[in-house]
Amino acid sequence: MQSLFKNRSWIKISISVIAILLAVLCAVKIYDKAANKTENTGIIVKWDETIPDKSKTPEGIKIPGYPDIYFAANETSVNMTLCNPKDNKCKFKYSLYVDNDKQPIYKSDYIAPGYAIKSFDINKKLAKGEYSIKIKIEAFNLENGSKLNGAEVYSKLNVV
Amino acid sequence: MKKIIASVMAATTVLTAAVSANAESVDEKSTESLSTNFTYVLENDPTYTVSIPSAVTITEDGADVTISAENVANLGDKKVSVTIAGTDYYRNQMVLKGKTESGPQASIRYKFELSDGSVIETTGGKDQVNGVELASFKDNGSVSFKAFPVLNGSSSIRKGVTYTGSITYGIQLVEDN
């Protein structure tokens, strides 16, 4: 027994085995985490869709307007395009408010011109019904981050 | 020793294999029914655009402010309405603020004069102009009005100061009365 412990090869082999087992354990955990649902704060993607530019104000900020919106009941994952038209010279931040709630159900990161968030997680599940929704769009100077004029787009949210 | 190593390697192999995915195969002789899952994602996309001025820029003679709407179609009995939702000043007043070189704050009121002659301004009250309509659209187009500084009566107006401020515009589809 003493000779076993004195044998350095035995120690090296043990360490290698433990390292392999830990690696396998980590791989299993990473696989599980990827398979399980995690909060989606909104992945920003390139948004090439253009709305015909008939504006006579080239220096203005183009604000997207929304018709009635539909979310699934009792789900936090929603599909909605929060875009910053590529002609804009500012970055956007979106916040969504339901009915007269003071706290938003979602706040986005900065979105550069020509980019959009297409799906994201809201912070609470909504029951079936009709709600008023306020889509608050804050605009910021691209260079110095100063706040520009913004907009609040009001629409109807149908949770089905 | 070799037996120990071999045992450990075998155990590791078994653990790794447990993570692998098993592909399903179809047995042509099986009587199990197969099914196809369909999925559809309803996209909530914007359908129109309203262009607003990027900043409140005014001159003594009045600066043009233009609001435009694009891709407006098939509204039926509705219209796109653009209103004032608020400002960045206390109580949503139409006030620009600046700072003098010596330090004191300076402020100046401003007002809008619409094409029909009506004047939109605040006089200190809370949310006085929130919800006031500036433009409406049944189709693509532009609406212009003028922004003026209000230069009389205030001791907080200082010369040589750059005043800045921002407005939040409210945009929605409303009944066309």
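Convention: sequence-line order gives letters A, B, ...; per-chain numbering from 1.
- Taking hydrophobic clusters as Ile, Leu, Val, Met, Phe, Trp and Tyr residues chained together by side-chain heavy-atom distances below 4.5 Å, A/Tyr115 shares a cluster with A/Tyr66.
- Surrounding CG of A/Asp68 are more than 12 heavy atoms belonging to other residues, nucleotides or ligands, all under 6.0 Å away.
- In the displayed structure, A/Asp99 atom CG is contacted under 6.0 Å by more than 12 heavy atoms of other residues, nucleotides or ligands.
- Residue B/Phe148 is not grouped with residue B/Leu96 when hydrophobic side chains (ILVMFWY) are merged at heavy-atom distances under 4.5 angstrom, including chains of intermediate members.
- Between A/Tyr154 and B/Ala85 the shortest heavy-atom distance is OH-CB, 3.5 Å.
- Counted within 6.0 Å of NZ on B/Lys97, heavy atoms from surrounding residues, nucleotides or ligands total more than 12; the atom is thus considered enclosed.
- Atom OG of B/Ser68 sits about 12.5 Å away from atom CD1 of A/Ile63, to the nearest 0.5 Å.
- B/Val129 is connected to B/Leu114 through a chain of hydrophobic side-chain contacts under 4.5 Å among Ile, Leu, Val, Met, Phe, Trp and Tyr, so both are in one cluster.
- Taking the side chain as every heavy atom from C-beta outward, A/Cys83 and B/Pro46 approach each other to under 4.5 Å.
- Follow the hydrophobic side-chain contacts under 4.5 Å out from B/Val143 and you reach B/Ile120 in the same cluster.
- Of the residues considered (B/Leu173, B/Thr168, B/Val174), B/Thr168 shows the highest number of contacts with chain A, using heavy-atom pairs under 4.5 Å.
- Under the 4.5 Å side-chain criterion, counting only non-hydrogen atoms from C-beta, B/Pro53 is in contact with A/Asn149.
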**Report entry** From CA spacing to verdict: side-chain contact (heavy atoms from CB on, under 4.5 Å), A/Lys147, B/Thr164
**Finding:** CA-CA 10 Å; A/Lys147 201 165 180 182; B/Thr164 59; over 6 Å; no
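- B/Asn44 places a side-chain N or O within donor-acceptor distance of the main-chain N or O of A/Tyr70, the cut-off being under 3.5 Å.
- The structure places CD1 of A/Ile137 at 14.0 Å from OH of B/Tyr169, a figure rounded to the nearest 0.5 Å.
- Using a 4.5 Å cut-off on side-chain heavy atoms (C-beta onward), B/Glu70 and A/Lys62 make contact.
- To the nearest 0.5 Å, atom NZ of residue A/Lys134 and atom CD1 of residue B/Ile171 are 13.5 Å apart.
- Going from atom OG1 of B/Thr49 over to atom CD1 of A/Ile61 covers 13.0 Å, rounded to the nearest 0.5 Å.
- One hydrophobic cluster holds both A/Tyr94 and A/Leu126 under the rule that ILVMFWY side chains link at heavy-atom gaps under 4.5 Å.
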